[in-house]
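A, B, ... follow the sequence lines: proteins, then strands. Residue 1 opens every chain.
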2 protein chains.
Amino acid sequence: MVQPDSHPPRLGRKRDHTRDPEILTAALEVLAETGFDGMTIDMVAARAKAGKATLYRRWPSKSELVIDAVACMKQNDFERSHLPDTGTLRGDLVAMIKPRTMEEAEKKLQIMAGLMSMLSAAPELADAANNALVRPRAEANLFLMQRAIDRGEISPDCDIATLSIVSPSIAAYRVLIERKPVDRKFLIALIDGVLLPALGLGRGAEVSNAEASNAVPSNAVASPTT
Amino acid sequence: MVQPDSHPPRLGRKRDHTRDPEILTAALEVLAETGFDGMTIDMVAARAKAGKATLYRRWPSKSELVIDAVACMKQNDFERSHLPDTGTLRGDLVAMIKPRTMEEAEKKLQIMAGLMSMLSAAPELADAANNALVRPRAEANLFLMQRAIDRGEISPDCDIATLSIVSPSIAAYRVLIERKPVDRKFLIALIDGVLLPALGLGRGAEVSNAEASNAVPSNAVASPTT
DNA sequence: CCTATACGATACTGTGGAGTTCCGGATCTT
DNA sequence: AAGATCCGGAACTCCACAGTATCGTATAGG
């Protein structure tokens, strides 16, 4: 979908489909606010300052529109180049807790919540959603943990594949079902109470330093408060 | 709701409300299968072999019916007296993985999924749902872990409050969003790859030991297949 | 047996939203 | 400027479902 037409017309205004992004964005917003069933085409049209007819010229149905919108949401996954490198695993994990990132994640989770009622009908959406929500964070975690193994910080026997999904999954559950905020405190509790101990850091080997809490090492990249 | 009437009529058939359980059960079934928005009163009535009017004689609206149905779902939480006691934490945790229990949990999760679209409108449902789904398992885990502390199996410094919600939350996420089955293998991976290492068992203490991977403790009881 | 009540079934009404159609105006091409 | 095409807006149809009303029947008490 949204592929360029094969026979470009040459008269009148070009068939530019130039409003598509606004419409898809509007769809995602309404979806996040009201859920799939509560969402109406008129809402989306109004939000995008477009006519309802315009939407139906591009997408055959509400479902298709939503699917397209979700598909176009992949953007800004974590690039490895953007991942923090603080020298310690804990530093890296903590550095990933940035307000900017979390806010965005929460928005995605709201969209997810709105999609729930569609999941059983359209299982491929489950994949799409998971790809957009948990997978990127899990992969980032996995990368950081693998690096910690490579540098000898943690044992290579650790089940990092399983551990990497722990915090994204729990965070998702917390926002989607419990409807409680996933704040910095909670994520730190996960890191210090679950992940690091399970990796043999913290409680296990207990760097003994105990107060490594504010242990942002020398080459702290991490970005300030972005 | 569903409280006995204060002025019991004395003529004709008694106002027994005797069909309520069937109706509520039917409501839960349809809810699990189609979700709140997809569910129609007629479906519930048909499933319960009741007239639509009968439903409206008891509950003023579809929402009220669903709320009532969910509220009546609390049944069979884990009783401490029913919790396994195998002598080791791992044995206890593994013993909780019973097909019977899991099947029931999955059913509850389906209901949960059906409720998702109502959560933003009725936040009290989030509590109800959480109480019915994750809380009981989390509390069971907490109890088992506390007992492990008491008997000196694990350190009292462990963050068992956080650890106890790990596996129920992840399981819920897996069923609700990923739509993948939560099988025995997956749960064992969580126990051996996350929980026990985080508690200083398995990997933690064995850092040097290296090869305790398949460290099934001596007295593994685990329950047959109940 | 008679009567009052609750029930199941079914027909009905009202409403909200999906999807369609039409039109005037805007914008680009030539 | 003229013509072609797209857009926003609004009016429209159609249908599914919430909720209501009616009726024949089953059952229990008198």
Could you tell me the separation between the [atom1] atom of [X] and the [atom2] atom of [N], rounded to a whole number of Å?
| X | N | atom1 | atom2 | result |
| --- | --- | --- | --- | --- |
| Arg57(A) | dG9(D) | CZ | P | 12 Å |
| Leu55(A) | dT20(C) | CG | C1' | 13 Å |
| Leu65(A) | dA18(C) | CG | P | 11 Å |
| Ile41(A) | dC15(D) | CD1 | P | 19 Å |
| Glu64(A) | dA18(C) | CD | P | 15 Å |
| Met43(B) | dA16(D) | CE | C1' | 10 Å |
| Trp59(B) | dA18(D) | CH2 | C1' | 16 Å |
| Lys49(B) | dG8(C) | NZ | P | 11 Å |

Between [X] and [N], is there a side-chain N or O to OP1/OP2 distance below 4.0 Å?
| X | N | answer |
| --- | --- | --- |
| Arg58(B) | dC7(C) | yes |
| Thr40(B) | dC17(D) | no |
| Thr54(B) | dC7(C) | no |
| Arg19(A) | dG8(D) | yes |

> Is the Lys NZ or Arg CZ of Lys180(A) less than 6.0 Å from the centre of Phe186(A)'s six-membered ring, within 45° of the axis?
Replying inline: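 No, Lys180(A) and Phe186(A) do not form such a contact.
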Over all strands shown, is [X] touching base, sugar-phosphate only, or nothing at heavy-atom distances under 4.0 angstrom?
| X | answer |
| --- | --- |
| Met39(A) | sugar-phosphate |
| Ala45(A) | nothing |
| Lys52(B) | base |

>> From the set dC7(D), dG19(C), dA18(D), return the single nucleotide nearest to any side-chain atom of Tyr56(B).
In response: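 Nearest to the side-chain atoms of Tyr56(B), counting from C-beta on, is dA18(D).
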>> Nearest to the Lys62(B) side chain among dT21(C), dA18(D), dT22(D), which nucleotide is it?
In response: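 In terms of side-chain proximity for Lys62(B), the closest of dT21(C), dA18(D), dT22(D) is dA18(D).
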> Any salt bridge between Glu104(B) and Lys107(B), counting N to O under 4.0 Å?
Replying inline: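 Looking at Glu104(B) and Lys107(B), the cut-off is not met.
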>> Need to verify one output field. Residue with the more 5' nearest nucleotide on DNA chain C, Phe36(A) or Ala53(A)?
In response: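 Taking each residue's closest nucleotide, the earlier one in sequence belongs to Phe36(A).
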> Does a side chain donor of either Asp92(B) or Thr86(B) reach within less than 3.5 Å of an acceptor in the other side chain?
Replying inline: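 Present: a donor and an acceptor within the cut-off.
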> Which heavy atom in Ala189(A) sits nearest to a heavy atom in Asp159(B), and how many Å separate them?
Replying inline: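 Nearest heavy atoms, Ala189(A) then Asp159(B): O-OD2, 4.2 Å.
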> For Val66(A) and Trp59(A), what are the C-alpha separation, side-chain angles and deciding distance, and is it a side chain to side chain contact (heavy atoms under 4.5 Å, CB included)?
Replying inline: CA-CA 9 Å; Val66(A) 168; Trp59(A) 296 274; over 6 Å; no
